[in-house]
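Contents: one structure, followed by commentary.
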Amino acid sequence: MKTLKNSQLLVLAAIFFVSFLLLRGIEDTVNENYHDFYSYYKGGLALRTGTPLYFDDKEPSFRYSPFFALFMIPFTLVSPQAGYFFWILLMIVQALLLLTWARSLADKNRSSGSPPAVWLFGASLILIPNFFMTNFDKGQANIFILFWMVWAWIWLERNCPIRAGLCLAVAILTKV
(Lines give C-alpha, C1' and ligand atoms only; values in the text may rest on other atoms or scores of the structure.)
Protein backbone atom coordinates (compact mmCIF):
# COMPACT_ATOMS: atom_id res chain seq x y z
CA MET A 1 0.00 0.00 0.00
CA LYS A 2 1.35 3.39 -1.01
CA THR A 3 1.63 5.96 1.80
CA LEU A 4 1.08 9.65 1.27
CA LYS A 5 4.01 12.00 1.64
CA ASN A 6 3.80 14.98 3.95
CA SER A 7 3.44 17.38 1.02
CA GLN A 8 0.62 15.28 -0.44
CA LEU A 9 -1.18 15.33 2.91
CA LEU A 10 -0.87 19.11 3.02
CA VAL A 11 -2.26 19.45 -0.51
CA LEU A 12 -5.14 17.17 0.44
CA ALA A 13 -5.80 19.23 3.59
CA ALA A 14 -5.73 22.42 1.50
CA ILE A 15 -8.26 20.94 -0.96
CA PHE A 16 -10.59 20.02 1.91
CA PHE A 17 -10.10 23.48 3.48
CA VAL A 18 -10.87 25.31 0.22
CA SER A 19 -13.86 23.06 -0.48
CA PHE A 20 -15.25 23.73 2.98
CA LEU A 21 -14.78 27.49 2.57
CA LEU A 22 -16.42 27.44 -0.86
CA LEU A 23 -19.40 25.52 0.48
CA ARG A 24 -19.74 27.97 3.38
CA GLY A 25 -19.46 30.89 0.95
CA ILE A 26 -22.13 29.41 -1.30
CA GLU A 27 -24.39 28.81 1.70
CA ASP A 28 -23.96 32.40 2.91
CA THR A 29 -24.50 33.72 -0.61
CA VAL A 30 -27.73 31.75 -1.04
CA ASN A 31 -28.99 32.81 2.41
CA GLU A 32 -27.84 36.41 1.83
CA ASN A 33 -25.70 36.41 5.00
CA TYR A 34 -23.18 39.03 3.90
CA HIS A 35 -21.93 40.00 7.36
CA ASP A 36 -19.26 42.74 7.15
CA PHE A 37 -19.17 42.53 3.35
CA TYR A 38 -22.51 44.34 3.22
CA SER A 39 -20.85 47.44 4.68
CA TYR A 40 -17.98 47.17 2.18
CA TYR A 41 -20.49 46.79 -0.64
CA LYS A 42 -22.42 49.82 0.55
CA GLY A 43 -19.21 51.86 0.61
CA GLY A 44 -18.30 50.91 -2.94
CA LEU A 45 -21.87 51.54 -4.07
CA ALA A 46 -21.89 54.96 -2.40
CA LEU A 47 -18.74 56.02 -4.26
CA ARG A 48 -20.01 54.62 -7.54
CA THR A 49 -23.42 56.29 -7.30
CA GLY A 50 -22.32 59.52 -5.64
CA THR A 51 -24.32 59.05 -2.44
CA PRO A 52 -22.88 59.96 0.99
CA LEU A 53 -20.24 57.49 2.10
CA TYR A 54 -20.34 58.04 5.84
CA PHE A 55 -23.82 59.33 6.61
CA ASP A 56 -26.82 57.12 5.92
CA ASP A 57 -29.99 57.84 7.87
CA LYS A 58 -31.45 54.40 7.17
CA GLU A 59 -28.53 52.11 8.04
CA PRO A 60 -25.25 52.07 9.98
CA SER A 61 -22.57 54.19 8.39
CA PHE A 62 -19.57 52.91 6.44
CA ARG A 63 -16.63 52.66 8.90
CA TYR A 64 -13.65 52.16 6.62
CA SER A 65 -11.40 54.40 4.53
CA PRO A 66 -12.54 55.94 1.25
CA PHE A 67 -9.66 54.01 -0.35
CA PHE A 68 -11.24 50.71 0.68
CA ALA A 69 -14.60 51.88 -0.66
CA LEU A 70 -12.82 52.66 -3.93
CA PHE A 71 -11.40 49.13 -3.99
CA MET A 72 -14.91 47.73 -3.45
CA ILE A 73 -16.43 49.46 -6.51
CA PRO A 74 -15.82 46.46 -8.84
CA PHE A 75 -17.79 44.27 -6.44
CA THR A 76 -20.78 46.61 -6.82
CA LEU A 77 -20.95 46.06 -10.58
CA VAL A 78 -22.70 42.77 -9.83
CA SER A 79 -25.47 41.85 -7.41
CA PRO A 80 -24.68 41.70 -3.68
CA GLN A 81 -24.89 37.89 -3.87
CA ALA A 82 -22.33 37.68 -6.69
CA GLY A 83 -20.16 40.37 -5.07
CA TYR A 84 -20.10 38.44 -1.80
CA PHE A 85 -19.18 35.23 -3.58
CA PHE A 86 -16.33 37.01 -5.41
CA TRP A 87 -15.20 38.45 -2.05
CA ILE A 88 -15.09 34.92 -0.61
CA LEU A 89 -13.12 33.71 -3.64
CA LEU A 90 -10.67 36.60 -3.23
CA MET A 91 -10.18 35.72 0.45
CA ILE A 92 -9.59 32.04 -0.42
CA VAL A 93 -6.97 32.96 -3.02
CA GLN A 94 -5.30 35.36 -0.61
CA ALA A 95 -5.36 32.78 2.21
CA LEU A 96 -3.74 30.18 -0.04
CA LEU A 97 -1.09 32.67 -1.13
CA LEU A 98 -0.44 33.56 2.52
CA LEU A 99 0.04 29.91 3.39
CA THR A 100 2.33 29.41 0.39
CA TRP A 101 4.38 32.47 1.31
CA ALA A 102 4.57 31.33 4.92
CA ARG A 103 5.92 27.99 3.73
CA SER A 104 8.56 29.61 1.53
CA LEU A 105 9.56 32.06 4.27
CA ALA A 106 9.85 29.17 6.75
CA ASP A 107 12.00 27.20 4.30
CA LYS A 108 14.19 30.22 3.64
CA ASN A 109 14.70 31.11 7.30
CA ARG A 110 15.03 27.59 8.66
CA SER A 111 18.23 26.91 10.57
CA SER A 112 19.97 23.57 10.61
CA GLY A 113 18.56 21.14 13.13
CA SER A 114 15.16 22.80 13.16
CA PRO A 115 12.04 20.80 12.37
CA PRO A 116 11.26 20.35 8.68
CA ALA A 117 9.33 23.27 7.26
CA VAL A 118 6.53 20.99 6.17
CA TRP A 119 5.81 20.19 9.83
CA LEU A 120 6.09 23.83 10.77
CA PHE A 121 3.65 24.62 8.00
CA GLY A 122 1.33 21.82 9.12
CA ALA A 123 1.47 23.01 12.73
CA SER A 124 0.45 26.48 11.60
CA LEU A 125 -2.64 24.97 9.98
CA ILE A 126 -3.60 23.67 13.40
CA LEU A 127 -2.96 27.00 15.12
CA ILE A 128 -4.62 29.44 12.70
CA PRO A 129 -8.07 28.02 11.82
CA ASN A 130 -9.80 30.27 14.33
CA PHE A 131 -8.40 33.36 12.60
CA PHE A 132 -9.41 32.11 9.16
CA MET A 133 -12.85 30.87 10.17
CA THR A 134 -13.70 34.08 12.01
CA ASN A 135 -12.78 36.08 8.92
CA PHE A 136 -14.75 33.85 6.59
CA ASP A 137 -17.74 33.59 8.93
CA LYS A 138 -17.95 37.35 9.34
CA GLY A 139 -16.79 38.32 5.82
CA GLN A 140 -14.10 40.50 7.39
CA ALA A 141 -11.17 42.24 5.69
CA ASN A 142 -8.40 40.94 7.97
CA ILE A 143 -7.15 38.31 5.50
CA PHE A 144 -7.08 41.05 2.86
CA ILE A 145 -5.02 43.26 5.20
CA LEU A 146 -2.67 40.44 6.23
CA PHE A 147 -2.14 39.54 2.57
CA TRP A 148 -0.93 43.05 1.75
CA MET A 149 1.26 43.21 4.89
CA VAL A 150 3.01 39.92 4.10
CA TRP A 151 3.40 40.95 0.47
CA ALA A 152 5.11 44.13 1.74
CA TRP A 153 7.47 41.97 3.79
CA ILE A 154 8.29 39.84 0.72
CA TRP A 155 9.03 42.97 -1.33
CA LEU A 156 11.32 44.18 1.45
CA GLU A 157 13.19 40.88 1.37
CA ARG A 158 13.61 41.35 -2.39
CA ASN A 159 15.00 44.85 -1.76
CA CYS A 160 12.06 46.64 -3.43
CA PRO A 161 11.13 49.27 -0.81
CA ILE A 162 8.76 51.24 -3.05
CA ARG A 163 6.66 48.16 -3.84
CA ALA A 164 6.79 47.19 -0.16
CA GLY A 165 5.60 50.67 0.81
CA LEU A 166 2.72 50.51 -1.68
CA CYS A 167 1.61 47.14 -0.32
CA LEU A 168 1.83 48.41 3.25
CA ALA A 169 -0.16 51.50 2.27
CA VAL A 170 -2.95 49.31 0.88
CA ALA A 171 -3.06 47.39 4.17
CA ILE A 172 -3.11 50.56 6.27
CA LEU A 173 -5.64 52.35 4.07
CA THR A 174 -8.04 49.42 4.20
CA LYS A 175 -8.98 49.73 7.85
CA VAL A 176 -7.40 52.68 9.58
Side-chain angles (χ1 to χ4, degrees), residues 10-103 124-155 163-176:
L10 288 173
V11 168
L12 187 61
I15 289 170
F16 282 129
F17 179 64
V18 169
S19 300
F20 174 74
L21 294 175
L22 277 174
L23 288 173
R24 293 285 300 267
I26 290 169
E27 179 185 13
D28 282 344
T29 300
V30 168
N31 294 328
E32 298 183 9
N33 294 328
Y34 306 133
H35 312 290
D36 288 2
F37 174 78
Y38 182 68
S39 176
Y40 312 154
Y41 189 88
K42 273 184 43 179
L45 194 60
L47 282 187
R48 189 167 64 87
T49 60
T51 57
L53 180 60
Y54 291 107
F55 303 103
D56 186 347
D57 296 335
K58 300 172 197 143
E59 297 182 25
S61 183
F62 183 71
R63 297 180 308 267
Y64 302 89
S65 73
F67 173 81
F68 189 57
L70 185 66
F71 178 81
M72 295 308 293
I73 288 175
F75 292 92
T76 68
L77 298 175
V78 295
S79 69
Q81 294 88 354
Y84 180 73
F85 188 71
F86 289 135
W87 177 251
I88 293 295
L89 288 177
L90 176 65
M91 285 198 307
I92 289 171
V93 168
Q94 289 179 325
L96 290 174
L97 283 170
L98 283 168
L99 293 173
T100 302
W101 291 342
R103 168 79 191 270
S124 68
L125 288 177
I126 294 169
L127 300 173
I128 61 173
N130 188 35
F131 170 76
F132 279 108
M133 291 316 302
T134 299
N135 281 277
F136 279 97
D137 281 346
K138 307 279 187 218
Q140 295 178 338
N142 297 324
I143 291 173
F144 180 83
I145 295 167
L146 182 61
F147 170 84
W148 288 100
M149 290 172 63
V150 172
W151 203 3
W153 180 17
I154 289 170
W155 283 123
R163 291 179 184 171
L166 290 172
C167 290
L168 189 58
V170 170
I172 292 169
L173 288 172
T174 297
K175 195 174 184 178
V176 182

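Hydrogens, waters and symmetry mates play no part in the numbers below; they use all other heavy atoms, side chains included.
- Between M91 and Q140 the shortest heavy-atom distance is SD-O, 3.2 Å.
- Closest of all the heavy-atom pairs between K175 and I145 is CB-CD1, 3.7 Å.
- Screening L173, T174, D36 for a side chain to side chain contact (heavy atoms under 4.5 Å, CB included) involving Y64 leaves a single residue, D36.
- Taken to the nearest 0.5 Å, the OG1 atom of T51 stands 8.0 Å off from the CG atom of L53.
- Of the inter-residue distances, the one linking F37 atom CZ with F85 atom CZ reads 12.0 Å to the nearest 0.5 angstrom.
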Name each donor-acceptor pair under 3.5 Å that joins a side chain in residues 66-80 to protein atoms two or more places apart or in another chain, with its distance.
from: T76; atom 1: OG1; to: R48; atom 2: NE; distance (Å): 2.9
from: T76; atom 1: OG1; to: I73; atom 2: O; distance (Å): 2.6
from: S79; atom 1: OG; to: Q81; atom 2: OE1; distance (Å): 3.3
from: S79; atom 1: OG; to: A82; atom 2: N; distance (Å): 3.2

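- Legend: residues meeting side chain to side chain contact (heavy atoms under 4.5 Å, CB included) with L168, ordered by chain and number and at least two apart, are M149, A152, I172.
- Within the 4.5 Å cutoff, side-chain heavy atoms of W87 are placed close to those of F144.
- Taken to the nearest 0.5 Å, the OH atom of Y84 stands 14.5 Å off from the OH atom of Y41.
- The side-chain hydrogen bond (donor to acceptor under 3.5 Å, both in side chains) pairs that include a residue from residues 89-98 number zero, where partners must be two or more places apart or lie in different chains.
- I143 and A95 get closest at one heavy-atom pair: CG2-N, 4.1 Å.
- Using a 4.5 Å heavy-atom cutoff, the side chains of I92 and I88 are in contact.
- The only option from F147, W148, W153 that meets the side chain to side chain contact (heavy atoms under 4.5 Å, CB included) definition with C167 turns out to be W148.
- A46 and P52 get closest at one heavy-atom pair: CB-O, 3.7 Å.
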